[in-house]
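What follows is a short report on a single structure.
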Amino acid sequence: MNTYDPSKIESKWQAYWDAHETFKTPEKPEGPTYYVLDMFPYPSGSGLHVGHPEGYTATDIIARAKRAQGYSVLHPMGWDAFGLPAEQYAIKTGTHPEKTTRENVAKFKSQLKMLGFSYDWTREVNTTDPEYYRWTQWIFLKLYERGLAYQAEVPVNWCPALGTVLANEEVVDGVSEVGGHPVIRRPMRQWMLRITEYAEQLLDGLDELDWPESTKAMQRNWIGKSVGAEIDFAIQSTQNTNSSDSHSHITVFTTRPDTLFGATYMVLAPEHPAVDSLLTQDQEADARAYIEQAANKSDLERQELSKVKTGVFTGAFAINPVTDQPIPIWIADYVLGHYGTGAIMAVPGQDERDYEFAKAFDLPILRTVQPPADFEGGAYTGDGPAIESGFLNGMHISEAKEAMMDWLEEQKTGRRKTQYKLRDWLFSRQRYWGEPFPIVHVDGKPEPLSPDDLPVILPEVEDYKPSEKGEPPLAKATDWVKTTFQGQEAIRETNTMPQWAGSCWYYLRYMSPNYTKGPLDPEAEAIWKQVDLYIGGAEHSVLHLLYARFWHKVLFDAGVVSTSEPFKKLVHQGMILGELEFTAFRHNGEWISKKKRDEILENDPEASIEAVRCEEEDVEKRGDAFVHKASGVAVEAKAHKMSKSRGNVINPDDVVDRYGADSLRLYEMFMGPLEQVKPWSTKGVEGVYRFLGRVWRLMIDDQTGQLQSSLSDVEPTKAQNRLLHQTIQKVTDDIEGLRMNTAISALMIFVNEANGWETLPRTVAERFVCLLHPFAPHIAEELWERLGHEKSISHTPWPVVDEAFLVEDEVTLAVQVNGKVRGTIEVATAQLEDQAAVLTLAKDEPNVKKYLDAGTLVKEIYVPGRVLNFVVK
RNA sequence: GCCGCUGUGGCGGAAUUGGUAGACGCGUUGGACUUAAAAUCCAAUUCGAUGACAAAUCGAGUGCCGGUUCGAGCCCGGCCAGCGGUACCA
């Protein structure tokens, strides 16, 4: 083995690491600790795609570098293995999901090992393992005990095709996120978690987190805090309402109490409980028809039809508490039943939606905030002095709000109120492959099991389908369902928990995966506390990350953990797209430009347009666009998402086969910034593969397989030391900042330079290998061994920068005239502070002199060591 | 619409604090080695102009328009485009 052959060295070192438990986490860490975590994968049947190794390589580099820097590192991996695909496969084929899961886990694990990640595999967790989910159930009991888990009959998103209820977050555009099946609303008895109780804390906690701004913004948006007031509107008594159980008043929520004088009508959601009692006889038929219609609309229809406002008058009136005037009460589906009180005061003068509705139904519009003179729109939502508003007149919005809320509270007809968009978490699913609830029902009343009765193990069932009625598959395990509780007959809860449950706390289990007295060992918790760095996809910005924060805060309040947030720093890796593709378009046999195509499609979405894939050599760049050489039309140049149907999927196994794991790792890190979306380039992989070949030949003579004769035990020269230490500094800083692409660039610069050296001092070579090792661990181990070391490089201390070597004798200084560089001068480092000498030197530079002579020197600016600028007129 | 992010060569991207724009890699071109090819190595490569060649010099240039500054890819104001999220949340 003389030339660089990744297939041989990679399997060799993977076997070595396994045999020596090289990456075992110290049980009793000394010195600083570092917990670096990947979002654990759902082990799907299709195996790893190239997106997985991106984040995993980044965390692995951090883990390896931190170990070398003397940290005790916790770097584990596991499986988020409950979930729909295995269950649907079971429904189709009858294969037990446990079997599918076991096989998929084995496949994933071997693929991860193939990439050389330094996980401590002795800490592997699997959410479907009864010894894991017993603690998921235990945490549920904690939630129950603290009043945070309850049952409710709620309208839920029922998906007939999947046979289950979905959380709001799992419904996208009215269809299921998984599979794209239609979803309808239907009331069912469900388990709920009171996440709303933690809304304020979940919001506040974000401020202290080192997370992407976009993710924090999404969570803030999701929690949706609004500060305002509740206002009670009395119902005007009339003889002709049709019900006797009359509501005496209706409460609305508003963020604009300052506009109360402009509230000219009121709107209830069709689901509002007071609707029945308000309808007058002449309005009843119309109103009931409308309510019926609204109830039957799916979410999708409600969204599609939302362009036009619809509604119906109830016949009843409410009294505006500040004007004492009666205002009509309407029903409309633009008011949501589940937000606020399900009723609003409509202020068409200052609210776009109310304005549209008022226009459509000819309701009075009153402006109570003075818009600027040039304002032309309908509703004015900006600031201005209050008008037509009695005691508020002249006040601006914020002042008027306070004054009105004070008045409402004095009158006892309203109160300050904070409202959240966040709703309680629908926590049950009618599925088989999930955690059973530790709950039994005695005479219809839920009873929590004792922690000693855990785990409640998933029973075997004949088939995995839910019943027609929507009963969960577990209901079919009749022997299991029938049980006793404290001597009484009882039936078990047959719902299971959603997939999010297991991932809400897995990062805690890694700290003490075999602990039997609780979800985690308090001693281990005291050591690791929280995740220092968490890397995973942005698609989990809200769901997983919000739910995990919620559970963590509950566990904090319960005294189980000592920190209030689970993930200190969070980074999302960007998606990897397919290779750049050029597409030309043809319409009726004629080549058309991309722009033309868009125009045609806009007028006629059905138009038949042929997309023709072009090779790179058939296109050229002209101006801003790429042009098809043969026809001269602009083509589309785009990297597309990888997909089977497009045929642009890159399989990591193939890349490893051809170039090795080190090249795949290195390439994925070299592509660009971690967080960024980036197109794949197979040529790029070849580039880093060539780099590793150069590294190999820098130290190994590929004729003989021996160490290069240039390698010797000599003292490094000044220049060699400088380059080495520059590289150490750059690589160390860049790893810390997760700038892997520029760290690799620094390694390349080193090798390019060192290739030209007659001798390569051994100490320099060794330290370079140390720097390379987190990125390309296999080749680094092999070179380290060949350099004569017996112990793995993984435990070799990280090279330290010696600043003394970074100092140069001479620096090149740019000399500008009027901000343009006109020449450079060499200045001895010692002389840099001597402004007069530097200026003299600069003025003598021939090209600079030319410009100085052409005008009058009016100003000299010198930033020592940086730049010199002459201003000439 | 609203929120967030991003616009730099033929391509992926550097420029960490306002101080020589284009590091590093890909591609391309030329050369060396070779009977030849592969592999490898060396050199050039933002665009344009001047230059026989070269050295060199000049002009333009970081999505667009304007501003601040001795100096702007970076700061400020106004746009445009793309990506992601969200959408009657009162």
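The basis for the numbers below is simple: all heavy atoms, side chains too, and nothing from hydrogens, waters or symmetry mates.
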In whole Å, measure the gap between the P atoms of B/C11 and B/A72 for me. 26 Å
Please, which pairs that meet ring-ring contact (aromatic ring centres under 6.0 Å, His included) have at least one residue in residues 335-358 of chain A, sequence neighbours excluded? A/Y265-A/F357, A/W330-A/F357, A/Y334-A/F357, A/F357-A/F361
Please state how far atom CG in A/L738 lies from atom P in B/A14, giving the value in whole angstrom units. 14 Å
Between A/Y339 and A/T812, which is nearer to the 5' end of RNA chain B once each is assigned its nearest nucleotide? A/T812
What's the shortest heavy-atom distance between A/V872 and A/V817, and which atoms? CG2-CG1, 3.8 Å
Is there side-chain contact between A/L813 and A/V838, with at least one heavy-atom pair below 4.5 Å? yes
Any donor and acceptor pair, going by atom type alone, linking the side chain of A/S681 with main-chain N or O of A/G684 inside 3.5 Å? yes
In dot-bracket form, how is RNA chain B paired, counting a Watson-Crick or G-U wobble pair only if both its distances are under 3.5 Å and using | for bases paired to another strand? (((((((..(((......[....)))((((((.......))))))(((((.....)))))..(((((..]....))))))))))))....
Please state how far atom CG in A/L422 lies from atom C1' in B/U86, giving the value in whole angstrom units. 15 Å
Whole-Å distance, A/I329 CD1 to B/A90 P, equals 22 Å
Heavy-atom check, side chain of A/M266 versus side chain of A/V252, under 4.5 Å: yes
Quickly work out the A/D734 CG to B/A15 C1' distance and round it to whole Å. 12 Å
Rounding to an integer number of angstrom, what distance separates B/C65 and B/C80 when you compare their P atoms? 15 Å
For B/G48 versus B/G61, give the span between their C1' atoms, rounded off to a whole number of Å. 11 Å
How is A/V677 classified with respect to the nucleic acid when contacts are heavy atoms under 4.0 Å: base, sugar-phosphate, or nothing? sugar-phosphate
Using the P atom on both, measure B/U57 against B/U45 and round to a whole Å. 14 Å
For the pair made of NZ in A/K678 and P in B/G13, what is the distance, rounded to whole Å? 8 Å
Length of the CD-C1' vector between A/E539 and B/G85, whole Å: 13 Å
Does A/E845 come within less than 4.0 Å of A/R822, counting only side-chain N to carboxylate O? no
What I'd like to find out is whether the side chain of A/L202 reaches to under 4.5 Å of the side chain of A/L546, using heavy atoms alone. yes
Each nucleotide in nucleotides 22-30 of chain B should get exactly one letter: B, S or -. Can you fill that in based on protein heavy atoms under 4.0 Å? -BBSSS---
Apply side-chain hydrogen bond (donor to acceptor under 3.5 Å, both in side chains) to the pair A/T3 and A/D702, showing each step before the final yes or no. CA-CA 5 Å; A/T3 54; A/D702 56 8; over 6 Å; no
Nearest-angstrom distance, P atom, B/U46 to B/A55: 13 Å
Anything under 3.5 Å between a protein N or O and an N or O of nucleotides 68-79 of chain B, put it in a table, one pair a line.
from  : atom 1 : to     : atom 2 : distance (Å)
B/C70 : O2'    : A/N869 : ND2    : 3.1
B/C70 : O2     : A/N869 : ND2    : 2.5

Please determine if A/D333 and A/K309 form a salt bridge, counting it only when a charged side-chain N lies under 4.0 Å from a carboxylate O. no
Provide, to the nearest angstrom, the distance between the CZ atom belonging to A/F582 and the P atom belonging to B/G10. 12 Å
At a cut-off of 3.5 Å, list every protein nitrogen or oxygen paired with a nitrogen or oxygen from nucleotides 1-8 of chain B, distance to 0.1 Å.
none

Once base and sugar-phosphate atoms are separated, protein heavy atoms under 4.0 Å mark nucleotides 54-64 of chain B, 5' to 3', with B, S and - as ---SSSS----
With a 4.5 Å cut-off on side-chain heavy atoms, are A/Y667 and A/W680 touching? yes
Grab the two heavy atoms, one from A/V335 and one from A/A269, that are nearest each other, plus how far apart they are. O-CB, 3.3 Å
If you take all heavy atoms of A/E230 and A/T251, which pair is closest and at what distance? CB-CG2, 3.8 Å
What I want to check is whether the side chains of A/T310 and A/Y290 have a donor and an acceptor closer together than 3.5 Å. yes
Same-atom distance (P) from B/G59 to B/G4, integer angstrom: 41 Å
One pair to check against side chain to side chain contact (heavy atoms under 4.5 Å, CB included): A/I861 and A/L868. What are the steps and the verdict? CA-CA 6 Å; A/I861 293 141; A/L868 208 126; over 6 Å; no
Tell me if B/G9 is syn or anti. Syn = glycosidic torsion within 90° of 0, anti otherwise. syn
Would you indicate whether the side-chain heavy atoms of A/M748 and A/F670 approach each other to under 4.5 Å? yes
What's the CD1-C1' distance between A/I327 and B/A90, to the nearest Å? 14 Å
Using the P atom on both, measure B/G10 against B/U68 and round to a whole Å. 32 Å
For the residue pair A/E810 and A/T829, confirm or rule out a side-chain donor-acceptor distance under 3.5 Å. no
Heavy atoms under 4.0 Å, any strand shown: does A/P673 hit a base, just sugar-phosphate, or nothing? sugar-phosphate
On a heavy-atom basis, which atom in A/V635 and which in A/C614 lie closest, and how many Å separate them? CG1-SG, 4.4 Å
Determine the Euclidean distance between corresponding C1' atoms of B/U69 and B/C74; express it in Å to zero decimal places. 13 Å
For a quick check under 3.5 Å, do A/E826 and A/T812 share a side-chain donor-acceptor pair by atom type? yes
